[in-house]
Each structure stands twice: as structure tokens, then as C-alpha cells.
Q: 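Sharing a structure, written as C-alpha cells. Questions coming.
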Amino acid sequence: AAQALCDAVAVYGLQCLPWSDKLQQWRVRVNCVRQWLPDLQLPDLSDMSLLDNRETWLKPAFTGKTRLDALSEAELSSALKSLLDWNQQQQIETLAPERIKVPSGLERAIVYTENDPPVLAVKLQELFGLAVTPRIANNKVPLMLHLLSPGGKPLQITQDLQSFWERTYPEVKKEMKGRYPRHPWPDDPWNATATHRAKPRG
């Protein structure tokens, strides 16, 4: 039965498995680090490779099951992660973290996409005092910053935070100050205190 289910996945594709968003992101993070740091020799988690090697990692998870939908998200996660040893799994958490701490003191999620820079969407006020774009993967990969208004709308997309503060921020400040008067728009963002809060009313 495990073999039959394994073969069915080859027919229907990996999308028939119970992927969670978190597991999909983990898989993309592994593939990104594999691309950025080939010396680590991480396994290939592309669709083709996973299907070709399905008997190694997936078949054991189907043991005792008679239906594809009997496989749980947790079982799929364990099966996929078995392709990396413990040290490699720890490297992924360090080199391609799920979240990063920003100057406001909060942690914000990083979204990974293969063949594109990882994205950090964060409100502008949370980055006051930060001079340069944060990097991951042993400082090799700059994040693509989606700088948001207090209302959560993108104001600027950049990998060059320094240039944004110098050239673009004065225009953004002029336009946004009237729209969001309860949020700070300092003349000197380099030395302002980062915050995720509005000023109290009154």
C-alpha cells in the first residue's frame, strides 16, 4: 500500500500532499540557501528531485496507510525534513531565518521566493535608526524591503535603505505627515527612535 500511494504521488504531483504554508516556506528557504551557498551541499528539494527520490523520504511516511489523505501535515513535514540532518536544519534557521528583529524591537516575518530576493515588509517607523539594509545568509543576501505606511500600504520597495533615507524619505515625509499626523516623521531618521506605535491622542 505504501508503494502504491508513493506511485500515486508521482501521477498526481506533490500538490496532492497536505502542504502547510509554513512547510512550503521551509522548503523554499532550503532551496534558496542551497542556491546562495552551494558549498553547504544541501539536498535538492525541487519538485523533480522530490518525485525522483520519493521512495527514500515519502514512502516510509505512508507505512500502514491506505489513502493519500491519511497523511497528516505533521507527517509530511517530518518526512521532508528527514532529508536534512540536524546540523543542516540548524543552518537553515540561522542562514534563512523565518523572522528578523527590527529596530522597533519586534520580530517581522521574511517571505522567501525562489529566484527572487527575500522580502521584509515593515512599517517605515520601525526602521528609524537603521542605516543599512539587513542581510542574511552569512551577510551575502540583502533583504528586499517593502517599506509600509502606518496604514500598511507600500511606500517604497528597495534593497538600498541608505539611499532611501538620503533621497526618497524627505519626499515621503512631506506627503505622509499630513495624512498620518499621529505617527513620527523626524527630519533625521538616522538618529530617531524606531517605534511601531502612534503618538497617544490629546
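What's counted below: heavy atoms across the whole structure, side chains too, no hydrogens, waters or symmetry copies. Remember, predicted model here, so these are calculated numbers, not experimental data.
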Q: By the side-chain hydrogen bond (donor to acceptor under 3.5 Å, both in side chains) test, which pairs, at least two apart or in different chains, include something from residues 126-139?
A: S104-E126, R108-E126
Q: Which residue pairs pass the side-chain hydrogen bond (donor to acceptor under 3.5 Å, both in side chains) test when at least one of the two sits in residues 10-23, sequence neighbours left out?
A: K22-E98
Q: Side chains of L5 and L58: does their closest heavy-atom pair fall under 4.5 Å?
A: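 No, side chains not in contact.
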Q: Return the minimal non-hydrogen interatomic distance between L71 and P18, and the atom names on each side.
A: O-CG, 3.2 Å
Q: May I have the step-by-step check of side-chain contact (heavy atoms from CB on, under 4.5 Å) for H196 and V102, ending in yes or no?
A: CA-CA 10 Å; H196 63 99; V102 295; over 6 Å; no
Q: Could you go through the side-chain contact (heavy atoms from CB on, under 4.5 Å) check for L143 and I110 one step at a time?
A: CA-CA 8 Å; L143 299 178; I110 301 172; 4.1 Å; yes
Q: SG of C16 to CG of L68: how many Å apart, nearest 0.5 Å?
A: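 Interatomic distance, C16 SG to L68 CG, rounded to 0.5 Å: 5.0 Å.
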Q: In Å, rounded to the nearest 0.5 Å, how long is the span from CG of L40 to CD of Q88?
A: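 Between atom CG of L40 and atom CD of Q88 there are 8.0 Å.
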Q: Report the residues that fulfil side chain to side chain contact (heavy atoms under 4.5 Å, CB included) with E166, sequence neighbours left out, ordered by chain and then residue number.
A: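 Expected list: Q162, W190.
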Q: At their closest point, which heavy atom of P97 faces which heavy atom of I136, and how far apart are they?
A: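 So the two residues come closest at CD-CG2, 4.0 Å.
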Q: Does R54 reach the side chain of D7, with side-chain heavy atoms less than 4.5 Å apart?
A: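 Yes; the side chains approach each other to less than 4.5 Å.
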Q: What pairs of residues pass the side-chain hydrogen bond (donor to acceptor under 3.5 Å, both in side chains) test when at least one of them lies in residues 25-50, not counting sequence neighbours?
A: R27-D47, R29-E93, N31-E114, D44-S46, S49-N53
Q: Give, for atom NE2 of H146 and atom CD1 of I157, the distance between the pair rounded to the nearest 0.5 Å.
A: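 Reported value, rounded in 0.5 Å steps: 4.0 Å.
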Q: Going through the distances and angles, do Q89 and K81 end up as a side chain to side chain donor-acceptor pair (under 3.5 Å)?
A: CA-CA 8 Å; Q89 291 188 38; K81 290 182 178 181; 5.6 Å; no
Q: Taking the side chain as every heavy atom from C-beta outward, state whether L147 and P154 have any atom pair closer than 4.5 Å.
A: no
Q: Apply side-chain contact (heavy atoms from CB on, under 4.5 Å) to residues L84 and I92 and explain how you reach the verdict.
A: CA-CA 10 Å; L84 278 70; I92 298 304; 3.9 Å; yes
Q: Angle between ring planes, Y169 versus F164, binned at 30° and 60°: parallel, tilted or perpendicular?
A: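 If you compare the ring of Y169 with that of F164, the planes turn out perpendicular.
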Q: Can you sort out the partners of A192 under side chain to side chain contact (heavy atoms under 4.5 Å, CB included), two or more places apart, ordered by chain and number?
A: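 For A192 the side chain to side chain contact (heavy atoms under 4.5 Å, CB included) partners, ignoring immediate neighbours, are F128, P186.
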Q: Are the side chains of Y112 and V30 in contact, using a 4.5 Å heavy-atom criterion?
A: no
Q: Assess the residue pair K101 and L106 against the criterion (side-chain contact (heavy atoms from CB on, under 4.5 Å)); give the C-alpha distance rounded to whole Å, side-chain angles, the decisive distance to 0.1 Å, and a yes or no.
A: CA-CA 6 Å; K101 193 170 186 177; L106 298 180; over 6 Å; no
Q: Could I get the full list of salt bridge (charged side-chain N to carboxylate O under 4.0 Å, His left out) partners for D69, not counting sequence neighbours?
A: R67
Q: Please check if any side-chain donor atom of E75 sits under 3.5 Å from a side-chain acceptor atom of S72, or the reverse.
A: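 The criterion, which ignores hydrogens and geometry beyond distance, is satisfied for S72 and E75.
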